[in-house]
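Okay, structure first, notes after.
Chain naming here is simple, since letters A, B, ... match the order of the sequence lines and numbering starts at 1 in each.
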Number of protein chains: 2
Amino acid sequence: MAGTDQLSAVFSALADPTRRAIIAELAERDATVTELTAPLSISMPAVSRHLKVLQRAALISRSRSGKWRASHLEAAPLREAADWIERYRRFWDSSLTRLDAHLAAMRTAGPAPDRTVDDPRGLA
Amino acid sequence: MAGTDQLSAVFSALADPTRRAIIAELAERDATVTELTAPLSISMPAVSRHLKVLQRAALISRSRSGKWRASHLEAAPLREAADWIERYRRFWDSSLTRLDAHLAAMRTAGPAPDRTVDDPRGLA
DNA sequence: CCTTCACTTAACCTAGCGGTTAAGTGAAGG
DNA sequence: CCTTCACTTAACCGCTAGGTTAAGTGAAGG
């Protein structure tokens, strides 16, 4: 899963299209494993393990009612993921491109550091 | 990487904290492999491969200038990732919770489907 | 009860990740 | 030239992911 931190777990969970499909489904309504398996063309054990991954990332909760186990979307962790990505919005949002260019210019401004062949970016 | 689609590649790339750190660094300024390696306490080959992953996800571009290879953040793919997550904002954004509850009620409304022990969620 | 249903767990597979060290490449420079 | 610098590629490692089939679990029900 790469890191063991929350954010890594969430991004890792989202990296699988099957799990994204499960999330999309659970956004509509809670569902049992059988219901989730039906449209997925993989075995129920496979789905069961995807659910475990989503649960470890705290993206779903599960409840038992008789022989059925329903999965319920818990989207709170998505907020952290969204927040992380949002920090870079200025890099793709065209309405902020001008500002970004300005800020980049600000960063590059100042004493105009010496740039040599050995130090092409003036970091020395 | 789970899927080979663009979105999976991006989320997969973001799932590693080292790669997120690299992105954070490149958001400040373009950087060479050596510069990126310095604060990371892993070997340069390891960083080199992280960069390849980021490049496959189209999150960075690379240019050559003499013996230096600079990496440059290309955040466009982050937009897709952000857009995907945004679809679920109503599940965590409290200002939308009331609306969400309303929509859920709408979905559940109607002929009030029969619910039996065999069909606890009235899907039959 | 014994079976069926709805799962979960186990065992196994192949493929890929992330790290290492060591060897290869290609431009710069004394 | 030959070396050094800044990487990249190769070979190898242990670990995890995602799939399978088969066996286990536990509540419902004739």
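Comparing atom distances between the A/R19 side chain and each of D/dA27, D/dG19, D/dG18 picks out D/dG18 as nearest. In this structure, the nucleotide among D/dG19, D/dC5, C/dT20 sitting nearest to the side chain of B/P45 is C/dT20. When distances are taken from the side chain of A/R56 to each of C/dT20, D/dA17, C/dA6, the shortest belongs to D/dA17. Minimum atom distance to the side chain of B/R62 is reached by D/dC7, of the listed D/dT20, D/dC7, C/dT8. Residue A/R64 has its side chain nearest to D/dA27 when only C/dA27, D/dA27, C/dG19 are considered.
Closest approach of B/F91 to A/A27, counting heavy atoms only: CZ-O, 3.3 Å.
With both pairing distances under 3.5 Å, C/dG30 is matched to D/dC1 as a Watson-Crick or G-U wobble pair. Figure legend. D/dG18 is base-paired to C/dC13; pairs are counted as Watson-Crick or G-U wobble with both atom distances under 3.5 Å. Figure legend. D/dC7 is base-paired to C/dG24; pairs are counted as Watson-Crick or G-U wobble with both atom distances under 3.5 Å.
Both B/V33 and A/V53 sit near DNA chain D, but only B/V33 has its closest nucleotide nearer the 5' end. Of the two residues near DNA chain D, A/R69 and A/R49, the one whose nearest nucleotide lies more 5' is A/R49.
The shortest distance between the side-chain N/O atoms of A/S48 and the OP1/OP2 oxygens of C/dC7 is not below 4.0 Å. Listed pair A/T32 / C/dC7 meets the phosphate criterion, a side-chain N or O lying under 4.0 Å from OP1 or OP2. Contact annotation: B/H50 does not reach the phosphate of C/dC17 (side-chain N/O to OP1 or OP2, under 4.0 Å).
Counting non-hydrogen atoms of neighbouring residues, nucleotides and ligands closer than 6.0 angstrom, the CZ atom of B/R79 reaches no more than 12 such neighbours.
For the side-chain contact (heavy atoms from CB on, under 4.5 Å) criterion with B/L54, the lone passing option out of B/L14, B/D16, B/L59 is B/L59.
Among the atoms of the strands shown, only primed sugar atoms or phosphate atoms (P, OP1, OP2) are found under 4.0 Å from some heavy atom of A/T34.
Interatomic distance, CG of B/L73 versus CD1 of B/I23, reported as 6.5 Å (0.5 Å rounding).
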